[in-house]
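Atoms considered below: every heavy atom in the structure, side chains included; atoms not considered: hydrogens, waters and symmetry mates. Since the model is a prediction, treat every value here as computed from it, not as a measurement.
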Amino acid sequence: THVVGGLDMICNENIPLKLLAERLHRQILSRTDEIHYVTFFFGVYDPATGHLEYFNAGHNPPQVILPDDQYATLDPTGQPLGLMRNAPPNDIRTFDLPEQSMLCIFSDGIPEALVENEVYGVERLLQSARQRCHDSLEEVVDGVFADLRDFLKNEPLEDDATLLLLRRCPVAAESTE
């Protein structure tokens, strides 16, 4: 609740992303004890250009499935928010999503799902999403979770499982009429 409330307040100020990351870090530090922190990915996306400006405060690295079936990783840009009082601020990075690429942001409950000493893993998650890359995003999510349930052999998840997808659609050609 500290993150959501702080983010709601800070985002309404229309401030640069680096300042947003610093303020959110300070707010979490001031409202939690020393053993609590937040891994956090935050991005600002321009659908017209595919430009993504982001910071990744220790969260699982989001993955981009590229149109040529390659992957790009959005690595952490700094420490989790609220982890260390004197942590250097998170760097701000950019990534330009090509048309037909798909950004996959997920919680650790998916790749760390475990059955019989085997983890589901990021690669399996990406393969599941990639094989459905031409389906609707809802169908991709449903398919990934169906594959995860099959992998777990109907055993319950030990952690939360969240998957957020963003697809860069082709830019419509401008009419000359």
Side-chain angles (χ1 to χ4, degrees), residues 3-4 7 11 17-18 20-21 24-25 37-83 87-152 155-171:
V3 175
V4 173
L7 192 57
C11 283
L17 203 51
K18 188 163 191 78
L20 183 144
L24 198 53
H25 174 68
Y37 58 89
V38 176
T39 64
F40 193 76
F41 178 86
F42 188 89
V44 177
Y45 175 68
D46 181 347
T49 64
H51 186 75
L52 175 68
E53 182 180 33
Y54 69 93
F55 69 90
N56 181 357
H59 192 70
N60 289 321
Q63 303 288 318
V64 180
I65 300 173
L66 300 167
D68 61 2
D69 287 335
Q70 298 295 311
Y71 303 116
T73 301
L74 305 183
D75 290 320
T77 61
Q79 296 291 321
L81 302 176
L83 179 63
N90 272 273
D91 292 330
I92 304 303
R93 296 200 185 136
T94 61
F95 186 87
D96 292 313
L97 277 80
E99 289 183 4
Q100 297 300 330
S101 60
M102 186 166 48
L103 173 63
C104 304
I105 304 169
F106 48 90
S107 64
D108 60 359
I110 297 174
E112 293 177 5
L114 182 70
V115 65
E116 299 173 6
N117 294 321
E118 181 182 359
V119 295
Y120 187 71
V122 172
E123 184 62 34
R124 195 170 298 183
L125 185 161
L126 293 174
Q127 286 175 352
S128 180
R130 184 177 58 209
Q131 74 185 23
R132 298 171 173 85
C133 68
H134 299 292
D135 295 346
S136 73
L137 294 180
E138 183 177 348
E139 290 170 324
V140 175
V141 169
D142 289 346
V144 168
F145 280 104
D147 287 349
L148 180 60
R149 281 189 303 277
D150 289 346
F151 171 80
L152 290 171
E155 290 293 319
L157 277 166
E158 298 291 322
D159 198 356
D160 67 293
T162 303
L163 176 61
L164 174 69
L165 302 175
L166 179 143
R167 178 182 291 134
R168 171 129 192 254
C169 297
V171 177

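Under the 3.5 Å distance criterion, the side-chain polar atoms of R167 are matched with a main-chain donor or acceptor of C133. Side-chain N or O atoms of T77 include one that pairs as donor or acceptor with a backbone N or O of N56 at under 3.5 Å.
In this structure, the side chains of N90 and L81 come closer than 4.5 Å at one or more pairs of heavy atoms. Side-chain contact between H25 and P89 is absent, with no heavy-atom pair separated by less than 4.5 Å. Looking at heavy atoms from C-beta onward, V140 lies in side-chain contact with M102 at the 4.5 angstrom threshold. Taking 4.5 Å as the limit, every side-chain heavy atom of L74 sits out of range of all side-chain heavy atoms of P61. At a threshold of 4.5 Å between non-hydrogen side-chain atoms, the residues P76 and H59 do not count as touching. When side chains are defined from C-beta on, C104 counts as touching I65, because their heavy atoms get closer than 4.5 Å. Using a 4.5 Å heavy-atom threshold, the side chains of L52 and V64 count as separate. Contact annotation: the side chain of R130 approaches that of D69 to within less than 4.5 Å [non-hydrogen atoms, C-beta and beyond].
Of the residues L148, I110, L114, the one that meets the side-chain contact (heavy atoms from CB on, under 4.5 Å) test with L157 is L148.
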Original post:
side-chain hydrogen bond (donor to acceptor under 3.5 Å, both in side chains) between S128 and R132: does it pass, once the steps are laid out?
Top reply: CA-CA 7 Å; S128 180; R132 298 171 173 85; 2.8 Å; yes
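Rounding to the nearest 0.5 angstrom, the gap separating the CG atom in D96 from the NE2 atom in H51 is 6.0 Å.
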